[in-house]
Protein chains: 2
Amino acid sequence: MDLGKRKQMILQAIVEDYIATAEPVGSRNIAKNHDLGLSAATIRNEMADLEEMGYLDKPHTSAGRVPSQLGYRFYVDSLMHRYSATVEEIENLNSALHQRYVNLNSVVSVVSDIISKITKCPTVMTLPAVASAKVVNVKMLMIEENLALIVVVLDGGSVRNKKVKVSGKITYREIDAISDFLNSQLAGLGAKDIDESRIMLIYGAMGQYKDFLKVVLDFVLECLQNNITEVYVGGASNILNHPEFCDIDRARDFLRFIDNRENANKVLALTTGGDSDVKIIIGDEAGLEEMRDTSIVLANYHAGGILSGKIGVIGPTRMDYARIVSSLETINAQLETILTAVFYNEE
Amino acid sequence: MDLGKRKQMILQAIVEDYIATAEPVGSRNIAKNHDLGLSAATIRNEMADLEEMGYLDKPHTSAGRVPSQLGYRFYVDSLMHRYSATVEEIENLNSALHQRYVNLNSVVSVVSDIISKITKCPTVMTLPAVASAKVVNVKMLMIEENLALIVVVLDGGSVRNKKVKVSGKITYREIDAISDFLNSQLAGLGAKDIDESRIMLIYGAMGQYKDFLKVVLDFVLECLQNNITEVYVGGASNILNHPEFCDIDRARDFLRFIDNRENANKVLALTTGGDSDVKIIIGDEAGLEEMRDTSIVLANYHAGGILSGKIGVIGPTRMDYARIVSSLETINAQLETILTAVFYNEE
DNA sequence: GTTAGCACTCACCTTGCCTGAGTGCTAACG
DNA sequence: CGTTAGCACTCAGGCAAGGTGAGTGCTAAC
């Protein structure tokens with residue numbers, strides 16, 4: 001079921017007009033606004049075909065046509081021409097991005113807010129995760145009697161800490177000794193390297209602290225497996241900019257959905273693998289009931305070969321795919337610089 | 001300009017009916033539903049008085065009356081009787097609160113979501129801040145060549161860290177020595193104690209590391225002055241539950257406002273002093289243009305004499321003050337236990 | 001194959017009418 | 001003299017009828 005050249009041109013015209021106006025588009029308008037060299041009547045015939053083939057929908061008899069999900073899919077895959085950001089757009093973006101970031105957390109919140117502002121759509125973004133983390137340094141210190149602090153420095157530099165109650169008395173001296181020993185044993189290792197035999201070796205050498213060491217080792221492993229992907233939702237209220245969400249119930253359903261971290265994570269989990277390409281998910285392709293009428297533009301971001309994360313822009317299926325893809329690509333390019341800079345100077 | 005007993009009863013009836021129904025309330029209904037022993041006509045006369053005195057508004061000639069801001073204020077100050085949560089409500093709340101919290105951050109996000117759910121209103125909440133922080137422990141460690149990690153443990157146990165580039169070569173030995181010295185100098189001190197003379201003393205003893213020490217001291221001071229009040233907004237979409245926000249533009253204005261951290265902070269900054277009482281701010285009493293039609297119920301929370309923070313519930317001026325105040329009080333009572341537990345076992 | 005023409009459809013807007021809830025005023029009542 | 005019943009008046013909101021215009025599908029001519 002191949003689409004002829006002419007049908008493609010007409011489909012493209014319809015999708016683009018509809019994206020621009022949010023109104024069902026009629027044959028007459030296409031004939032007028034696009035220089036296809038065809039009369040309205042001809043276009044009408046083609047539109048009837050396109051509808052039959054499933055690329056278009058009709059809201060009702062006497063309205064124009066609207067792209068169906070299949071129509072958007074074909075447009076995105078075959079018809080959409082890439083939009084290149086203008087010099088001015090890039091400069092605006094850069095000056096918005098150029099500010100003092102306190103930490104990775106703030107990069108994520110600032111960047112996702114910026115993306116929201118540019119795209120006029122809600123944005124979800126994960127905190128950058130450290131890929132295949134390794135232990136750089138483990139340190140313990142007593143901060144009160146019976147209370148120790150474990151500090152774990154990971155490959156790439158993220159630092160995590162945890163307080164641990166110490167039941168038996170452990171002196172400041174002892175904790176230093178344990179700390180140094182553990183560090184010598186664990187430095188450079190990833191989650192996989194800390195296996196049964198390694199743990200046994202540690203217990204063997206410092207059996208009298210076994211209970212305490214177990215807590216520490218568990219925490220180190222937790223840090224390494226670090227799959228706490230915290231997600232930030234920026235500019236959720238932007239969804240209300242779009243006429244398809246002028247119905248208060250629909251708006252509430254969406255906002256309630258996306259305000260929930262778990263759901264935001266589900267949305268971002270739709271990316272395939274670690275490719276840096278931008279992926280577009282239209283309507284129920286997401287398999288999420290609440291996202292039936294929305295599309296998602298997803299991208300992976302990377303920095304320094306160590307950090308990586310995901311960004312997603314959510315809008316109505318009628319969203320301006322070309323422009324949003326371009327925005328995401330432009331941001332992505334900047335993000336690497338910002339992240340590495342912030343990362344190595346993180347608080 | 002004193003309100004007679006009868007006028008007060010009628011005002012109270014109007015406010016409560018209006019809170020319950022969201023419809024302007026008429027004289028007839030009050031006569032019917034409240035056993036005031038007065039006829040509709042009498043009530044009508046009193047209502048006319050109340051309107052003249054500024055306690056009531058009239059949306060239009062043939063609608064009922066609606067409390068004015070002054071009316072709500074009088075109700076809240078003098079007429080509202082405290083609502084006591086039922087045993088069932090308290091149990092439900094407790095079981096919702098009873099879960100595993102990873103850290104203070106997650107307490108805040110979970111608790112504010114719960115409050116939102118109970119009150120059906122957006123909730124803003126600050127992370128608990130450490131009051132009058134003191135240094136418990138300062139520790140530095142080299143995590144790479146030329147890269148040191150400073151760990152500062154504060155009074156009460158919050159831990160912060162920062163990576164610092166080290167220009168000159170400093171050995172692991174040296175860093176230990178500096179670390180121990182600095183710790184001996186700073187342990188137990190608050191921001192005010194770290195004055196010029198103290199700093200000079202430190203520089204004097206370890207002059208060769210002055211540049212490095214300056215960075216460390218600055219960071220320690222920053223931790224102590226720690227006025228980064230991070231704020232969490234929970235259940236913003238709940239605002240759409242209220243009929244006064246069924247207008248999409250008003251809803252968007254509000255959501256856009258509250259999505260912005262700065263604004264959420266402004267709202268929470270409306271509390272007076274450190275009292276633990278609940279405060280109610282009605283309409284433009286907040287002095288925030290965007291909050292003209294909303295009210296805020298604010299409370300301070302405390303834990304262990306060390307932590308403190310703020311919670312605010314935002315709703316239409318027609319919100320159920322009695323119930324929301326009660327909910328906040330009930331939560332507040334639980335919060336102390338949860339926070340101290342999580343705090344001393346924080347990750 | 002393409003196009004002009006025409007009848008038909010249907011959402012949406014406007015208008016007018018009606019209803020019901022509520023008010024304010026007045027006069028009667030205890 | 002305060003309270004109440006009665007009545008005329010107001011006004012938002014709902015509903016139906018009619019008009020408008022954008023758009024379609026079909027047919028016949030080019």
Side-chain angles (χ1 to χ4, degrees), chain A residues 2-11 13-18 20-68 71 243-244 246-248, chain B residues 2-11 13-15 17-18 20-68 71 243-244 246-247:
Chain A
D2 220 16
L3 281 187
K5 193 80 192 152
R6 203 167 67 177
K7 283 196 172 53
Q8 293 192 18
M9 277 166 52
I10 291 175
L11 179 57
I14 293 175
V15 173
E16 286 172 359
D17 276 19
Y18 187 59
T21 64
E23 299 285 325
V25 354
S27 51
R28 216 179 132 71
N29 273 317
I30 295 186
K32 240 191 307 181
N33 304 334
H34 299 259
D35 219 9
L36 301 183
L38 297 170
S39 79
T42 312
I43 292 171
R44 232 160 19 234
N45 290 329
E46 298 287 31
M47 279 164 87
D49 290 352
L50 282 166
E51 186 186 346
E52 205 176 342
M53 296 162 92
Y55 292 97
L56 295 178
D57 281 337
K58 221 187 336 190
H60 59 264
T61 333
S62 75
R65 301 301 210 296
V66 157
S68 68
E244 24 277 281
C246 72
D247 174 41
I248 207 87
Chain B
D2 220 16
L3 280 187
K5 191 82 194 151
R6 202 167 69 177
K7 284 198 172 52
Q8 293 191 20
M9 276 166 52
I10 291 175
L11 178 57
I14 293 175
V15 173
D17 276 18
Y18 186 59
T21 64
E23 300 285 324
V25 355
S27 51
R28 215 181 133 70
N29 274 317
I30 294 185
K32 238 191 311 182
N33 303 335
H34 299 259
D35 218 9
L36 301 182
L38 296 170
S39 79
T42 311
I43 292 172
R44 243 179 347 253
N45 289 330
E46 298 286 32
M47 280 165 88
D49 290 351
L50 283 166
E51 187 186 346
E52 205 176 341
M53 296 162 93
Y55 292 97
L56 295 179
D57 281 337
K58 218 183 345 187
H60 59 263
T61 331
S62 74
R65 301 301 210 295
V66 157
S68 68
E244 25 275 282
C246 73
D247 174 40

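A note on names: the letters A, B, ... follow the listed sequences, proteins ahead of strands, and every chain is numbered from 1.
- As judged by a 4.0 angstrom heavy-atom cut-off over every strand, T61(B) is placed among residues touching the sugar-phosphate backbone only.
- Regarding contacts with the backbone of dG1(C), every side-chain N or O of R6(A) stays at 4.0 angstrom or more from both OP1 and OP2.
- One finds a side-chain N or O of N29(B) lying less than 4.0 angstrom from the OP1 or OP2 phosphate oxygen of dG22(C).
- Atoms OG and CG, on S39(A) and N45(A) in that order, are 8.0 Å from each other to the nearest 0.5 Å.
- To the nearest angstrom, C1' of dT24(D) lies 15 Å from CG of L50(A).
- Atom CD1 of I30(B) and atom CZ of R65(B) lie 9.5 Å apart (nearest 0.5 Å).
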Does the pair E23(A) and N29(A) meet the rule for a side chain to side chain contact (heavy atoms under 4.5 Å, CB included), with working shown?
CA-CA 11 Å; E23(A) 299 285 325; N29(A) 273 317; over 6 Å; no
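- Residue L36(A) contributes atom CG, which lies 13 Å from atom P of dT2(C) at whole-angstrom precision.
- Going from atom CD1 of I43(A) over to atom C1' of dC26(D) covers 18 Å, rounded to whole Å.
- Both A41(B) and G64(B) lie close to DNA chain C; mapped to their nearest nucleotides by heavy-atom distance, the more 5′-ward contact belongs to G64(B).
- Counting non-hydrogen atoms under 4.0 angstrom, N45(A) reaches a base of the nucleic acid.
- The structure places CG of L11(B) at 11.0 Å from NZ of K7(B), a figure rounded to the nearest 0.5 Å.
- The distance between atom OH of Y18(B) and atom C1' of dG22(C), rounded to the nearest whole Å, is 16 Å.
- Distance M47(B) CE to dT4(D) P: 15 Å, rounded to the nearest Å.
- We find that NE2 of H60(A) is positioned 19 Å from P of dC8(C), with the value rounded to whole Å.
- Between the CZ atom of R44(A) and the P atom of dA7(C) there is a distance of 15 Å, rounded to whole Å.
- Annotation: side chain of R6(A) is in contact with side chain of L38(A) (closest heavy-atom distance under 4.5 Å).
- Comparing dT10(D), dG23(D), dG24(C) by their closest approach to the side chain of S62(B) singles out dT10(D).
- Between T42(B) and dT4(D) there is a side-chain polar atom (N or O) within less than 4.0 angstrom of OP1 or OP2.
- Two residues, L38(B) and A63(A), neighbour DNA chain D, and the one matched to the more 5' nucleotide by heavy-atom proximity is L38(B).
- In this structure, CD1 of I10(A) is placed 15 Å from C1' of dT24(D), rounded to the nearest angstrom.
- Close to dG24(C), at under 4.0 Å from its OP1 or OP2, lies a side-chain N or O of K58(B).
- Nucleotide dC26(D) forms a Watson-Crick or G-U wobble pair with dG5(C), both donor-acceptor distances falling under 3.5 Å.
- A close approach under 4.0 Å does not occur between any side-chain nitrogen or oxygen of R28(B) and OP1 or OP2 of dT4(D).
- Figure legend. dG16(C) is base-paired to dC15(D); pairs are counted as Watson-Crick or G-U wobble with both atom distances under 3.5 Å.
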